[in-house]
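First the proteins, then the strands, lettered A, B, ... as listed; each starts at 1. For clarity, every value in this text was computed on a predicted model and none was experimentally measured.
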Amino acid sequence: MLIQKNIKKDSFMRFSNSFIYTSKEAPSDATLPSHIYLIRGGFIQGIGAGLYNFLPLGKRVLEKVRAIAKEELDSAGCQEVELSFVTPSELWMESGRFEKYGKELLRFKDRKDAEFVLGPTHEEMMVNLVRQYVKSYKQLPLNLYQIKTKFRDEIRPRFGLMRGREFLMKDGYSFHKDEADMVENGFNKMKDTYSKIFTRLGLDFRIVDADSGAIGGSGSKEFMVLADSGEDTIVVCKSCDYAANIEAAKRSPTKAPIAKEGEEVEMTPGLFNTPNISTIEDLCKFFHIDAYYTIKAVAKKALYDDGVEKLVLFFVRGDSDLEETKACNSVEANELIDISEEELIEAGLVPGFMGPIGLQEDIIYKIDSELKGQKTLIAGANKKDYHAIDVQIPDYGAFFADLVAVSEGDCCSSCGGSLYHTKGIEVGHIFQLGTKYSEPLKAEFLDENGKRQPFVMGTYGIGISRLLAAIIEQNHDERGPIWTKATAPFDIEIIVSNIKKDDELNLGDKLYSQLKELNIETLIDDRKERFGFKIKDYELLGIPYCIIVGKKIADGLVEIVDRRSLEKEEISIDQVVSRVKELVG
RNA sequence: CGGAGUGUAGCGCAGUCUGGUAGCGCACCUGGUUUGGGACCAGGGGGUCGAAGGUUCGAGUCCUUUCACUCCGACCA
């Protein structure tokens, strides 16, 4: 009762007694505009590595994003649930991810010594929930989601809300009787729904082919907000609509450099003495040959469950780069790490002179698919100071895999057009999961023939809190963020230039009440500050529009500022409200 | 995980080398002036100097240990 008494109905929207604190100075570690402005504008407060408090302004934006996601998901037939954040580790052991997920999974014990994890994603919990209630194909399809805090103990949290350890994520899971239904009523439906969500949020985004990562599964697409500061590299085709995360990008194989007339590359098979020639660059100079005709060796240590480590070798064409995620997937490792020269020597390998031919039998290796059946290549001879000439790669065998990183200027595998790189922020990811979790967790139903079948699943995520950062990365200027209409903490702000002038304060208050009547979310800056101070703050809050009630009142005018263009429009007092209605829409 | 660095008032920092009563700017409080692009004057409050131990008459400063945080990298032999 006491608390209620103290809260005026409209108190929150009055700057003078709101919990909004802006700052002229940014935290010294912040480099990204989104990080700087979120802190300076008083949207969030950093509280530890990758941990943030959401203050009233930030919370309002977060709720807007959440509400839009919820509306679209609900209208697509999804149902919201909320699963326990602390999850018993048994479920994670059942799915096999207790080990696989690695150190990002925060584990701890309760007073009875029972082991738990903080949910980094909730496939296990959701499958567990559904398998207890859904027993028949008649109950399918089903699409459940939640919007809930997640915790991932990231190696290196950074960039504010972009890569936090604790963050708000929408995670959804769909259950189907078969693959076709999953693709149509799960995956594709979510693809459309996500597009609607990001469009409503006012974002410029691309849907790209993606790697499936630790979640596992087959087909997957990422929703990328295009921004220079994005952590992901996206490969985009200039000529067609092909777009992919570099971790999954494809290209058509590189072509041999055009030989000069009358010249053809010929090689005499055999070993060639190449003292101290251990890099591709040196090799090309030595033989006067293009890197296209060489094979590059990359050694890594692959980490598997239960601490198993294996040395692995990857071979790609000398003019190409290894894509680590692809390489990791090709050997089904949890992670690849660097390996020292000493370790290579210990394993009987010759750093600088490693090649695919004549390796010891116990070495695990993969060769890039583009090299399949290729001839006239130079590769390390697995012997110090020797290279093998005219190496021929067979066109059969299980040791081929797509390993190369697509570079700018490579050719599109769909249309042959030129590919280029751009940066993106991953804000959504949809997967065709199949039975990856339903099988180990024995989540089954009875089909039309009374036969037990595992659910065919899809899983879908949106980084809700990351979206705040993504919106700003795409929408800001040197003065602060520029929220999109759908995400701004308020529709409009009213600045009363000088509250000591009764006519200004009264008009501000009057407009404020009128806008409230119209359900337009309004913040009135009625603080005892000077005009310059308030307009700077307005720009730092990034609210789409601002009404300045100030000295033009004498001419019967106020001004409306457009945050994006920073243009001021003078308008007579009796027309303001209808004009605002138009603008805010 | 490897490398580098930083912990001093709510925030941003100086002081540490060369030990001797803890400082500056912003923010905050009081009073006054000012009021259309982050005002000014005067006065004021606020710190176990990340933690623990050691050296010393005396430690923010030197030594040891530890914790936390940040940045860069994790790429081809």
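Across all strands shown, the partner of B:U6 is B:A68, judged by Watson-Crick or G-U wobble contacts whose two distances both fall under 3.5 Å. Pair assignment for B:U33: B:A39, on the basis of Watson-Crick or G-U wobble contacts that are both within less than 3.5 Å. In this structure, B:G47 makes no Watson-Crick or G-U wobble pair, since no nucleotide meets both defining distances under 3.5 angstrom. Checking B:A14 for Watson-Crick or G-U wobble geometry (two distances, each under 3.5 Å) identifies no partner in any strand. With a 3.5 Å ceiling on both atom-pair distances, B:G19 lacks any Watson-Crick or G-U wobble partner.
Nucleotide B:G37 holds its P atom 12 Å from the CD atom of A:Glu559, rounded to whole Å.
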Could you run down the sub-3.5 Å N/O contacts of the protein with nucleotides 5-12 of chain B?
residue: B:G12; atom: O2'; partner: A:Glu25; partner atom: OE2; Å: 3.3

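The residue from A:Arg479, A:Arg530, A:Arg527, A:Lys24 that alone fulfils the salt bridge (charged side-chain N to carboxylate O under 4.0 Å, His left out) condition with A:Asp537 is A:Arg527.
Between A:Lys300 and B:C75, a side-chain N or O to OP1/OP2 separation shorter than 4.0 Å is present.
Atom name P, nucleotides B:G23 and B:G44: the rounded distance is 14 Å, in whole Å.
Stacking of A:Arg466 on the aromatic ring of A:Phe167 is not recorded, the 6.0 Å distance cut-off and the 45° axial limit not both being met. Figure legend: A:Arg317 and A:Tyr292 shown as a cation-pi pair, the cationic atom lying under 6.0 angstrom from the six-membered ring centre and within 45 degrees of its axis.
In the interface, the side chain of A:Arg530 is paired with the base of B:U34 through a donor and an acceptor atom under 3.5 Å apart.
A donor-acceptor pair under 3.5 Å links the side-chain atoms of A:Asp385 to the main chain of A:Asn276, judged by distance alone.
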